[in-house]
Amino acid sequence: MIYVDADACPVKAEVEKVGTRHGVKMFVVSNGGLRPSQNPLVETVIVPDGPDIADMWIADRAVAGDVVITGDIPLAAKCVEAGARVLKHNGEALTQANIGNILATRDLMADIRAADPFRQGGGKAFSKADRSRFLDALERELRAAKRM
């Protein structure tokens, strides 16, 4: 299975394309506002409004052999702990080996932003190179998950 944390996900179409090629069931999870896919392998899941409801839905279901697409680091940590393979939108794999450092960095950056309300800027823009890296990474993860 592939689970997509779909709110603000820039690679939903890419997930559908690669997932369809592999014949994998996909769950696109959000709290609304998405156009459902006509693809029979894609199930659009609309969860109630509320903080982290979509994340909890995915975390409650993701297991070893599944692939989760998310930019949410706490969700990624839960899914990695459950044995799922996790990719960020830019193709970065989140694993047992790196999730602790990534979670700590996220928390540190949240503290820095909270300490300086005038801080400007943010993350870099999503690029064609990010999209290409994501497609390559998803292909690798799906092949690896099939070998499990």
Side-chain angles (χ1 to χ4, degrees), residues 1-20 22 24-127 130-131 133-142 144-145 148:
M1 309 264 190
I2 299 174
Y3 294 94
V4 181
D5 182 7
D7 291 323
C9 177
V11 292
K12 291 183 286 291
E14 289 80 0
V15 172
E16 185 172 339
K17 178 181 174 183
V18 176
T20 299
H22 285 270
V24 177
K25 176 77 174 165
M26 295 162 269
F27 294 92
V28 178
V29 185
S30 75
N31 60 7
L34 296 179
R35 183 176 304 153
S37 172
Q38 298 302 309
N39 186 329
L41 291 172
V42 177
E43 183 175 329
T44 302
V45 178
I46 306 298
V47 297
D49 272 340
D52 302 324
I53 301 296
D55 297 350
M56 288 185 286
W57 192 95
I58 293 169
D60 288 345
R61 288 161 179 81
V63 297
D66 291 340
V67 177
V68 176
I69 312 302
T70 187
D72 184 278
I73 303 305
L75 169 60
K78 291 174 187 168
C79 294
V80 166
E81 186 177 315
R85 307 176 85 78
V86 180
L87 288 177
K88 288 174 62 176
H89 307 132
N90 64 0
E92 180 183 355
L94 302 175
T95 66
Q96 287 287 351
N98 67 9
I99 193 66
N101 285 338
I102 292 170
L103 194 54
T105 300
R106 173 202 173 268
D107 293 343
L108 174 64
M109 294 308 293
D111 291 345
I112 290 171
R113 284 189 299 274
D116 184 2
F118 299 106
R119 179 175 158 84
Q120 296 293 314
K124 60 181 181 159
F126 190 74
S127 69
D130 291 329
R131 192 173 308 279
R133 267 192 309 278
F134 174 79
L135 283 165
D136 290 342
L138 181 57
E139 186 70 36
R140 279 193 313 274
E141 292 299 327
L142 285 174
M148 291 183 78

Item to check | Spatial distance of atom CG (Asp5) from atom CG (Leu75) [nearest 0.5 Å] | outcome: 5.5 Å
Checklist entry - Atom NE2 of His89 and atom CD of Glu14: how far apart are they, to the nearest 0.5 Å? => result 11.0 Å
Next on the checklist: Can a donor-acceptor pair be found, under 3.5 Å and without considering hydrogens, that links the side chain of Arg131 to the backbone of Pro10?
Outcome noted: yes
Next on the checklist: Working note: Leu138 + Val15, criterion side-chain contact (heavy atoms from CB on, under 4.5 Å); need CA distance, chi angles, decisive distance, verdict.
Outcome noted: CA-CA 8 Å; Leu138 181 57; Val15 172; 4.2 Å; yes
Checklist outcome for this item: dist Asp72:CG -> Cys9:SG (nearest 0.5 Å) comes out at 12.0 Å
Checklist entry - Closest approach of Glu141 and Ala93, non-hydrogen atoms and distance? => result OE2-CB, 4.1 Å
Item to check | Ion pair check, Asp130 and Arg133, cut-off under 4.0 Å | outcome: yes
Item to check | Euclidean distance, Ile99 CD1 relative to Ile73 CD1, rounded to 0.5 Å | outcome: 5.5 Å
Checklist entry - If every non-hydrogen atom of Cys79 is compared with every non-hydrogen atom of Ile58, which pair is closest and at what distance? => result SG-CG2, 4.1 Å
Checklist entry - side-chain contact (heavy atoms from CB on, under 4.5 Å) between Val47 and Ser30: does it pass, once the steps are laid out? => result CA-CA 6 Å; Val47 297; Ser30 75; over 6 Å; no
Checklist entry - So, for Thr44 and Ser37, which heavy atoms are closest and what is the spacing to 0.1 Å? => result OG1-N, 3.9 Å
Next on the checklist: Contact between Leu41 and Val24 at the side-chain level, heavy atoms closer than 4.5 Å - yes or no?
Outcome noted: no
Checklist entry - How long is the gap from CG on Leu87 to CD1 on Ile69, to the nearest 0.5 Å? => result 4.5 Å
Next on the checklist: With a sphere of 6.0 Å drawn around NZ of Lys78, does it hold more than 12 non-hydrogen atoms of other residues, nucleotides or ligands?
Outcome noted: no
Checklist entry - For atom CD of Glu81, is the number of surrounding heavy atoms from other residues, nucleotides or ligands below 6.0 Å larger than 12? => result no
Next on the checklist: Can you tell me how the ring of Phe27 sits relative to the ring of Trp57, calling it parallel under 30°, perpendicular over 60° and tilted otherwise?
Outcome noted: tilted
Item to check | Nearest-0.5 Å distance that lies between atom CG in Asn90 and atom CZ in Phe134 | outcome: 9.5 Å
Next on the checklist: Is any side-chain heavy atom of Thr95 closer than 4.5 Å to one of Val80?
Outcome noted: no
Checklist entry - Do other residues, nucleotides or ligands put more than 12 heavy atoms under 6.0 Å from the NZ atom of Lys25? => result yes
Checklist entry - Hey, does Lys12 have a side-chain heavy atom less than 4.5 Å from the side chain of Val4? => result yes
Next on the checklist: Let's go through Phe126 and Val11 carefully: what are the C-alpha distance in whole Å and the side-chain angles of both, what is the deciding distance for side-chain contact (heavy atoms from CB on, under 4.5 Å) to 0.1 Å, and is it a yes or a no?
Outcome noted: CA-CA 10 Å; Phe126 190 74; Val11 292; 3.6 Å; yes
Item to check | Over all atoms of both residues, closest heavy-atom pair of Val28 and Ala6 | outcome: CG1-CB, 3.4 Å
Next on the checklist: As a quick check of understanding, evaluate side-chain contact (heavy atoms from CB on, under 4.5 Å) for Met26 and Thr20, giving each step before the final call.
Outcome noted: CA-CA 9 Å; Met26 295 162 269; Thr20 299; 3.7 Å; yes
Checklist entry - What is the minimum heavy-atom distance between Ala62 and Val68, and which atoms define it? => result CB-CG2, 3.8 Å
Checklist outcome for this item: Nearest heavy-atom approach of Leu94 to Ala76 is CD1-CB, 3.4 Å
Checklist entry - Would you say the side chain of Asp66 lies within less than 4.5 Å of the side chain of Arg85, judging by non-hydrogen atoms? => result no
